Amino acid sequence: MASKWYNLAVKKTDLQLLGTLNGGQSFRWKLDNSGNKEQWIGIFDHKLWILEQENDAIKYQVYGDEENVNENEKEYSKLLKNYFNLDINLQEYYKQWSDADPYFKKASKQFYGIRILKQDITENIFSFICSSNNNISRITSMIEKLATFYGNKICTLNDTTYYSFPTINNLCVENVEKKLSENGFGYRAKYISKTAKFINENGGDLWLEKLKEMKYMDARKNLMNLSGVGPKVADCICLMSLGHLEAVPVDTHVYQIATRLYLPKLGNKKTVTEKVYQEIGECFRNMYGPLAGWAHTILFCADLKKFQQNQDENSEPITKRKKK
DNA sequence: TGGCCTCCTACCCT
DNA sequence: AAGGGTAGGAGGC
């Protein structure tokens with residue numbers, strides 16, 4: 001049965017779906033161009049959501065919500081506001097960040113309305129374990145496999161069945177590592193199975209709840225006890241699931257940006273050691289303040305190849321890539 | 001010695 | 001063919 005259409009009043013300048021949903025934060029959103037309007041189809045909070053961007057609003061449908069057959073628009077809009085962190089007055093921050101950094105100012109022209117999502121912690125831990133040495137399309141297909149193998153069915157729509165992300169318990173069943181290995185997860189198969197078991201043995205949901213209460217650095221340290229979670233993945237989880245908006249995930253892109261624009265002295269190290277990593281994070285926090293991780297995400301988007309094709313002629317990329 | 005830092009390599013796949 | 005990182009281990013101080 002088709003869902004009703006709802007309306008969430010938010011300007012495109014305050015929430016741009018393209019950069020927010022397709023910028024490497026979440027791997028569960030697909031852009032569907034087949035109809036007469038662009039639609040984003042994705043899953044969070046055990047529901048299937050269909051979103052359409054308009055200039056002054058997001059139009060949306062919700063599927064697979066059995067608990068809430070009464071079509072509670074208030075509840076849905078609360079969920080969306082939370083998911084997109086809409087309490088944060090982004091335009092204010094964009095101003096501050098633009099004043100602090102001319103490179104940000106330049107990037108913000110195209111990359112307006114980029115929001116940090118507040119994502120489910122379990123989904124995020126395993127998604128970013130999958131992200132190492134990997135690209136967005138392959139990560140996306142891995143997450144899809146995890147959901148179809150071990151998640152619960154949400155609904156079927158237009159002949160596609162959608163599944164929720166598996167629980168920790170579901171990832172602790174027999175032969176997870178073997179099955180994932182056979183399905184192209186590579187060395188991450190072992191990380192996933194080990195991490196699920198570790199969390200389970202250390203309290204399961206309770207371990208996660210404790211994590212949510214910790215300060216940034218404590219949460220980061222605890223996350224790094226998980227197999228397959230180093231500094232960068234831990235920071236992704238802190239930033240996108242735990243609300244630690246000061247966390248700055250430093251991957252090779254960010255390392256390149258930082259050494260090119262802000263910290264030339266760090267030069268070309270062969271490996272980013274924890275100390276160098278911290279120094280880059282501090283540099284961003286000094287420049288942008290307590291939401292540095294959010295600001296850094298805009299620079300990160302601007303550096304993504306997939307978005308650089310969208311640049312208009314007059315605006316140069318904020319950072320020049322090395323010639324190939 | 002321990003502790004801390006740095007560097008190296010393997011790892012799956014497309 | 002090199003990449004949106006981590007683990008594990010070696011070597012230096």
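Throughout, protein chains are lettered first and strands after them, A, B, ... in sequence-line order, and every chain is numbered starting at 1. Quantities reported herein were computed from a predicted structural model and do not represent experimental measurements.
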(message) Taking salt bridge (charged side-chain N to carboxylate O under 4.0 Å, His left out) as the definition, give me every residue that meets it alongside A/Lys30, ordered by chain and number, with sequence neighbours left out.
(response) A/Glu144

(request) Report yes if a donor N or O on one partner sits less than 3.5 Å from an acceptor N or O on the other, where the partners are the side chain of A/Tyr255 and the base of C/dG5; otherwise report no. (result) no

(message) By the 4.0 Å heavy-atom rule, please label A/Val272 as base, sugar-phosphate, or nothing.
(response) nothing

(request) Can you tell me the distance, in whole Å, between the CG atom of A/Leu180 and the C1' atom of B/dC11? (result) 16 Å

(message) Suppose we screen for side-chain hydrogen bond (donor to acceptor under 3.5 Å, both in side chains). Which residues come up paired with A/Thr122, at least two apart in sequence or across chains?
(response) none

Please table the atom pairs, donor to acceptor, closer than 3.5 Å between any side-chain atom in residues 93-100 of chain A and protein atoms at least two apart or in another chain.
{"from": "A/Tyr94", "atom 1": "OH", "to": "A/Phe111", "atom 2": "O", "distance (Å)": "2.7"}
{"from": "A/Tyr94", "atom 1": "OH", "to": "A/Ile114", "atom 2": "N", "distance (Å)": "3.2"}
{"from": "A/Trp97", "atom 1": "NE1", "to": "A/Tyr288", "atom 2": "O", "distance (Å)": "3.3"}
{"from": "A/Ser98", "atom 1": "OG", "to": "A/Tyr94", "atom 2": "O", "distance (Å)": "2.8"}

(request) Treat a base pair as Watson-Crick or G-U wobble with both distances under 3.5 Å, then lay out DNA chain B in dot-bracket form, 5' to 3', with | for cross-strand pairs. (result) ..|||||||||.||

(message) For A/Thr148, give me all partners under side-chain contact (heavy atoms from CB on, under 4.5 Å), at least two apart in sequence or on another chain.
(response) A/Tyr163

(request) Sugar-phosphate means primed atoms, P, OP1 and OP2; the rest is base. With that split, encode nucleotides 7-13 of chain C 5' to 3' as B, S or - using protein heavy atoms under 4.0 Å. (result) S------

(message) Checking A/Asp45 now: which residues fulfil salt bridge (charged side-chain N to carboxylate O under 4.0 Å, His left out) with it, not counting sequence neighbours?
(response) A/Lys47

(request) Look at A/Glu54 together with A/Lys59 and state whether they make a salt bridge at an N to O cut-off of under 4.0 Å. (result) yes

(request) Please state how far atom NZ in A/Lys145 lies from atom P in B/dC12, giving the value in whole angstrom units. (result) 15 Å

(message) Once rounded to the nearest 0.5 Å, what's the spacing between atom CD of A/Glu52 and atom NZ of A/Lys37?
(response) 4.5 Å

(request) Kindly state each residue pair satisfying ring-ring contact (aromatic ring centres under 6.0 Å, His included) with at least one member in residues 167-192 of chain A, sequence neighbours excluded. (result) A/Tyr187-A/Tyr191

(request) Flag the pair A/Glu274 and A/Arg220 as a salt bridge only when some basic side-chain nitrogen lies within less than 4.0 angstrom of an acidic carboxylate oxygen. (result) yes

(message) Tell me the interatomic distance from A/Phe185, atom CZ, to B/dC12, atom P, rounded to whole angstroms.
(response) 14 Å

(message) Considering only residues two or more places apart or on different chains, which pairs with a residue in residues 202-214 of chain A satisfy side-chain hydrogen bond (donor to acceptor under 3.5 Å, both in side chains)?
(response) A/Glu209-A/Lys212

(request) Would you kindly check whether a donor in the side chain of A/Arg188 faces an acceptor in the base of B/dC12, or vice versa, at under 3.5 angstrom? (result) yes

(message) Walk along nucleotides 3-10 of chain B from 5' to 3' and tag each nucleotide B, S or - by protein heavy-atom contact under 4.0 Å, base first, then sugar-phosphate.
(response) ---SBS--

(request) Name all residues meeting the salt bridge (charged side-chain N to carboxylate O under 4.0 Å, His left out) criterion together with A/Glu201; count only those two or more places apart in sequence or in a different chain, and write none if there are none. (result) none

(request) Rounded off to whole Å, could you give me the CG-to-P distance for the A/Asn135 and C/dA2 pair? (result) 16 Å

(request) Take atom P in C/dG9 and the same atom in B/dC12, then report the distance between them in whole Å. (result) 16 Å

(request) Not counting sequence neighbours, list each pair that qualifies as a ring-ring contact (aromatic ring centres under 6.0 Å, His included) and has a residue in residues 8-44 of chain A. (result) A/Phe27-A/Phe128, A/Phe44-A/Trp49, A/Phe44-A/Tyr83

(request) Give the rounded distance in Å between these two atoms: CD1 of A/Ile139 and P of C/dT6. (result) 12 Å

(message) Between P on C/dG5 and CD1 on A/Ile280, what's the gap in Å once rounded to a whole number?
(response) 12 Å

(message) Rounded to whole Å, how long is the line connecting atom NE2 of A/His253 with atom P of C/dA2?
(response) 16 Å

(message) Whole angstroms only, please: what is the CZ-P distance between A/Arg138 and B/dC11?
(response) 15 Å

(message) Using a heavy-atom cut-off of 4.0 Å across all strands, would you classify A/Phe300 as base, sugar-phosphate, or nothing?
(response) base

